[in-house]
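This report refers to the structure that appears directly beneath it.
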Amino acid sequence: MPDMIKEEAASGSSNFIWDFVKEDIGPGGQYEGMTVHTRFPPEPNGYLHIGHCKALCIDFGTAEHFGGLCNLRMDDTNPAKEDTEYVEAIQQDIHWLGFDWGDRYFYGSDYFEQDYEFAKELIKKGLAYVCELSAEEFREFRGDIGIPARSPYRDRPIEESLELFEKMKNGEVEEGKMTLRAKIDLASGNFNMRDPVIYRIRYINHHRQGTKWCIFPMYDFAHPIQDALEGITHSLCSLEYEEHRPLYDWVVENVTIPYHKPRQIEFARLNIDHTVMSKRKLRKLVEEDYVSGWDDPRMPTLCGLRRRGYTAQSIRDFVDTIGVGKTNGVVELAMLEHCLRDDLNRSAERTMAVLRPIKLTITNYPEGKSENFELENNPTDPESGTHTISFSRNLWIEAEDFLEEPIPKYKRLYPGNEVRLKGAYLVTCTGCVKDADGNVTEVLCEYDPGSRGGDPADGRKVKGATIHWVDQATAIDAEVRLYENLFLDEQPDGPDKDFLQCMNPESLIVLQGCKVEPEMGRIAKLFDEEEDRTSKNAPTFQFMRNGYFCLDNRDSSADHPVFNRSVSLKDSFKPKK
RNA sequence: AGCGCUGUCGCCAAAUGGUAAGGCAACGGACUCUGACUCCGUCAUUUUCAAGGUUCGAAUCCUUGCAGCGCUGCCA
């Protein structure tokens with residue numbers, strides 16, 4: 001299976017990044033003949049979501065495509081934001097997607113010593129200086145469009161900066177009192193070049209370095225150095241770093257790096273409609289209990305998607321399908337859903353489950369009699385075999401499969417209409433039983449004993465639909481959770497929009513007392529006994545005519561199976577009302 | 001307003017000066033023991049944001065506009 005995934009990813013169509021890379025390693029290119037080396041640098045301050053998948057597939061995928069390598073690097077230069085808590089989850093999610101970094105696992109903080117030496121090198125070259133502007137002053141002196149920035153400390157003698165930087169490092173300077181700034185161009189139209197801060201003081205415990213350091217490099221300084229030290233050729237990142245590229249190049253140019261200079265290339269990050277992608281907003285949903293957690297099946301997080309039933313293959317197919325470009329667009333969720341259906345249609349075992357049960361009584365079928373039928377596990381895969389289902393006089397069928405007064409084009413049960421009970425018999429509806437309030441409580445029908453297996457003895461064409469059912473005698477109860485979009489608004493992430501106001505109050509519908517084949521009970525029990533249920537996909541099925549469902553990796557138990565609807569089946573039946 | 005990026009079907013996206021791929025969605029139809037799947041067909045020719053220009057030929061090159069996104073953290 002991993003090999004299949006590999007080939008799939010490596011065979012994707014080209015894109016502008018691959019064109020650049022091809023040029024770079026080709027004849028006359030800046031990395032002629034070299035091994036392509038990329039990196040995936042998540043900041044360990046939250047869970048990976050589908051937006052990260054795009055970056056993941058681009059970083060690892062590009063390396064794979066060119067027979068190169070991709071490093072995993074935890075970008076943890078800001079001690080105030082990162083936490084070890086997320087590190088393991090990030091690794092787990094990447095592995096689940098099918099990517100592997102081998103022994104190339106790093107932390108940005110592992111380079112603090114080198115960062116420090118490179119900073120001193122810049123000072124010595126007259127390319128960096130210690131600035132004593134406070135944060136407020138810094139902002140005031142920042143200038144504006146057309147107005148250059150200022151710093152009274154810009155021309156401080158090299159020796160003095162060296163001394164002060166040493167003091168900063170030794171903890172002799174209060175937090176916020178001094179910064180180290182790169183000396184570039186205070187008048188640049190690109191604000192990142194207006195003598196950016198490259199070191200700040202922070203008296204906070206770092207999740208890996210402890211209290212060893214009290215000065216920390218900024219992203220713009222640390223990242224190019226990390227890339228350079230790891231021998232990265234192509235540093236692929238999202239569009240918002242485009243204007244940071246001149247600074248990236250400046251650092252790489254002015255610091256004595258042991259290898260080649262890496263090249264930064266930017267691509268558009270992923271947006272999907274009806275969802276939010278920012279960590280801040282996702283965190284809010286979790287912390288304010290709008291969802292049950294980071295792995296709520298409605299969340300776009302990888303753990304949420306996995307719990308929902310999304311396969312790694314479907315997500316990688318999706319990323320492959322949407323392509324790589326520089327246009328900031330919003331991809332329709334329908335595209336992702338298509339990829340899931342496509343994958344699950346091939347692999348998911350078919351089973352019958354009745355979500356909103358109503359009794360069906362076959363009045364001319366002997367009481368107490370029972371027989372077995374074989375149901376194909378997957379019609380798209382003849383090798384997948386069959387499984388046995390029991391049948392009797394009393395069945396459960398879907399409530400919506402009966403209508404006392406049929407609507408136009410309705411092919412299911414209504415008085416006088418003949419339908420097929422999947423894999424069993426043809427039955428003709430003879431009426432129904434209602435309670436005192438007029439609600440239908442039981443549907444009545446008569447079966448054609450000559451149609452055993454589902455085909456009529458006389459070979460007549462059955463015009464009615466084939467409906468699914470479960471035997472009352474053997475069915476077991478299950479909880480089924482149906483999910484809709486978390487947000488009604490197409491773009492809850494849009495400007496001037498309060499995403500919390502766009503939430504769909506009916507994004508989760510819980511159904512109890514759903515009737516499933518007894519086989520599901522055995523599978524739920526086996527799943528119950530598994531040790532690590534969250535790092536891989538739970539058993540997944542197609543509930544015929546209903547959609548794809550998987551066991552919930554948190555709440556399902558042998559006594560109380562819980563299924564999540566991963567995605568519905570497409571439905572072209574549109575009754576005119 | 002300064003800097004940067006981007007405008008090709010409802011959505012994503014090819015086309016690298018040679019006459020607008022593909023996928024998703026949608027809509028028809030065929031098939032079907034899942035109203036699924038599959039298959040067939042339709043879906044940018046006063047056409048590539050607009051207007052000019054260069055060229056035998058322009059989505060591609062030039063000019064001028066217009067629109068969208070991003071940027072003035074001691075975040076990444």
Side-chain angles (χ1 to χ4, degrees), chain A residues 13-16 19 41-43 45 75-78 80-82 108 131 133-135 138-139 142-147 149 175-181 187-194 196-202 216 218-220 222-223 237-246 266 268 270 273 279 318 320-339 341-342 345-346 350 352 375-376 378-380 409-412 419-424 426 453-455 462 465-468 490 495 542-547 568-575:
Chain A
S13 55
S14 195
N15 58 62
F16 80 97
D19 290 345
E43 185 183 17
N45 69 345
D75 202 347
D76 60 351
T77 52
N78 184 349
K81 290 177 68 182
E82 292 107 17
C131 180
L133 251 25
S134 68
F138 184 87
R139 255 193 303 281
R142 189 61 155 155
D144 206 333
I145 292 163
I147 306 167
E175 195 169 307
K177 288 291 184 203
M178 289 181 190
T179 58
L180 183 68
R181 290 230 248 165
S188 175
N190 180 345
F191 284 75
N192 298 305
M193 300 298 270
R194 317 249 270 213
V197 170
I198 56 174
Y199 259 95
R200 78 286 218 184
I201 301 170
R202 277 275 180 285
F216 297 92
M218 300 287 289
Y219 168 88
D220 281 319
H223 204 87
C237 61
S238 50
L239 245 30
E240 68 255 43
Y241 294 102
E242 224 157 10
E243 292 150 292
H244 293 249
R245 189 177 352 121
E266 313 83 10
L270 172 66
D273 62 6
K279 253 179 219 173
F318 169 70
D320 210 47
T321 304
I322 60 175
V324 183
K326 299 187 77 158
T327 21
N328 246 317
V330 181
V331 178
E332 290 174 346
L333 189 64
M335 198 93 92
L336 216 208
E337 294 182 334
H338 162 80
C339 292
R341 289 193 188 99
D342 194 44
N345 177 48
R346 284 190 293 263
R350 270 60 168 172
M352 295 200 281
L375 194 66
E376 277 182 303
N378 188 339
T380 69
K409 297 201 174 170
Y410 191 73
K411 300 193 294 188
R412 285 108 98 154
V419 305
R420 173 163 28 232
L421 294 175
K422 173 76 188 173
L426 295 176
D455 289 312
V462 185
T466 296
I467 67 173
H468 60 281
E490 247 179 58
Q542 184 196 96
F543 288 178
M544 297 189 72
R545 301 210 302 139
N546 268 316
S568 64
L569 248 29
K570 285 186 75 176
D571 185 4
S572 63
F573 176 52
K574 287 169 195 116

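Nothing here was measured: the structure is a model prediction, and the numbers come from that model. Chain letters run A, B, ... following the sequence lines, proteins first, then strands; residues in each count from 1.
- What separates NE2 of A/H338 from P of B/C12 is a distance of 17 Å, to the nearest Å.
- Take the nearest nucleotide of RNA chain B for A/K177 and for A/E332: the residue whose nucleotide is more 5' is A/E332.
- In this structure, A/R245 does not reach the B/C71 phosphate: none of its side-chain N or O atoms is under 4.0 Å from OP1 or OP2.
- If you take OH of A/Y241 and C1' of B/C75, they are 9 Å apart, rounded to a whole angstrom.
- Dashed line: the shortest gap from a side-chain N or O of A/R200 to OP1 or OP2 of B/C75 is under 4.0 Å.
- The same atom, P, is picked in B/U42 and in B/G35; the two are 27 Å apart, to the nearest Å.
- Taking 4.0 Å as the cut-off between side-chain N and carboxylate O, A/K326 and A/E242 count as a salt-bridged pair.
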* Let me see the working for A/E337 and A/F318 under side-chain contact (heavy atoms from CB on, under 4.5 Å), right down to the final yes or no. => CA-CA 9 Å; A/E337 294 182 334; A/F318 169 70; over 6 Å; no

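- Across the strands present, B/U38 finds its partner in B/A30; the criterion is a Watson-Crick or G-U wobble pair with both atom distances under 3.5 angstrom.
- Counting only N and O atoms by type, the side chains of A/T380 and A/N378 include a donor and acceptor under 3.5 Å apart.
- Rounded to the nearest 0.5 Å, atoms CD1 (A/I145) and CZ (A/F191) are 5.5 Å apart.
- Straight-line distance between the P atoms of B/C61 and B/U8: roughly 15 Å, to the nearest whole Å.
- Closest to the A/K326 side chain, of the nucleotides B/G73, B/U6, B/U72, is B/U6.
- When side chains are defined from C-beta on, A/V419 does not count as touching A/V462, because their heavy atoms never get closer than 4.5 Å.
- Across all strands shown, B/C3 forms a Watson-Crick or G-U wobble pair, both distances under 3.5 Å, with B/G70.
- Inspection of the A/S14 and A/D19 side chains reveals an N or O donor paired with an N or O acceptor under 3.5 Å.
- The CE atom of A/M335 sits 9 Å away from the P atom of B/A25 (whole-angstrom rounding).
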* Just by protein heavy atoms under 4.0 Å, how would nucleotides 34-42 of chain B read 5' to 3' in B, S and -? -> BBSS-----

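- Taking atom C1' in both B/C75 and B/A59, the straight-line distance is 39 Å, to the nearest Å.
- As rounded to the nearest Å, B/C31 and B/C37 have C1' atoms that lie 11 Å from one another.
- Taking the C1' atoms as reference points, B/C9 lies 13 Å from B/A14, given to the whole Å.
- With both pairing distances under 3.5 Å, B/A58 is matched to nothing as a Watson-Crick or G-U wobble pair.
- What separates CZ of A/R142 from P of B/G2 is a distance of 19 Å, to the nearest Å.
- Taking atom CD of A/E490 as the reference point, atom C1' of B/C24 lies 14 Å away to the nearest angstrom.
- The aromatic rings of A/F573 and A/Y410 sit tilted relative to each other, their planes meeting at an angle between 30° and 60°.
- Using a 4.5 Å cut-off on side-chain heavy atoms (C-beta onward), A/M178 and A/C131 make no contact.
- Contact annotation: A/T327 reaches the phosphate of B/A13 (side-chain N/O to OP1 or OP2, under 4.0 Å).
- Rounded to whole angstrom, the span from the CD1 atom of A/I147 across to the C1' atom of B/G2 amounts to 11 Å.
- The separation of B/G73 from B/U55, taken at their P atoms, amounts to 49 Å, rounded to a whole angstrom.
- Distances were taken from every side-chain heavy atom of A/K81 (C-beta onward) to each of B/A25, B/A76, B/C74; the shortest belongs to B/A76.
- If you measure from atom CD1 of A/I198 to atom P of B/C74, you get 13 Å, rounded to the nearest angstrom.
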* Asked: Is there a side-chain contact (heavy atoms from CB on, under 4.5 Å) between A/D76 and A/F216 once you walk through the steps?
  -> CA-CA 10 Å; A/D76 60 351; A/F216 297 92; over 6 Å; no

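- Taking a pair to require two hydrogen-bonding distances under 3.5 Å in either a Watson-Crick or a G-U wobble arrangement, B/U46 remains unpaired.
- A/H244 comes within 4.0 angstrom of a base, heavy atoms only.
- When each of A/E376 and A/L239 is assigned the nucleotide of RNA chain B with its nearest heavy atom, A/L239 is the one assigned upstream, toward the 5' end.
- Comparing the P positions of B/U32 and B/A50 gives a spacing of 48 Å, expressed to the nearest Å.
- When distances run from any side-chain atom of A/F191 to the nucleotides B/A25, B/U72, B/A76, the shortest one goes to B/U72.
- Taking the P atoms as reference points, B/G4 lies 32 Å from B/G10, given to the whole Å.
- To the nearest angstrom, P of B/G70 lies 11 Å from CD of A/E243.
- Glycosidic conformation of B/G73: syn, with the torsion inside 90° of 0.
- Within the 3.5 Å criterion, the main-chain N or O of A/L375 finds no donor-acceptor partner in the side chain of A/R350.
- If you check every strand for non-hydrogen atoms under 4.0 Å, A/G547 touches nothing.
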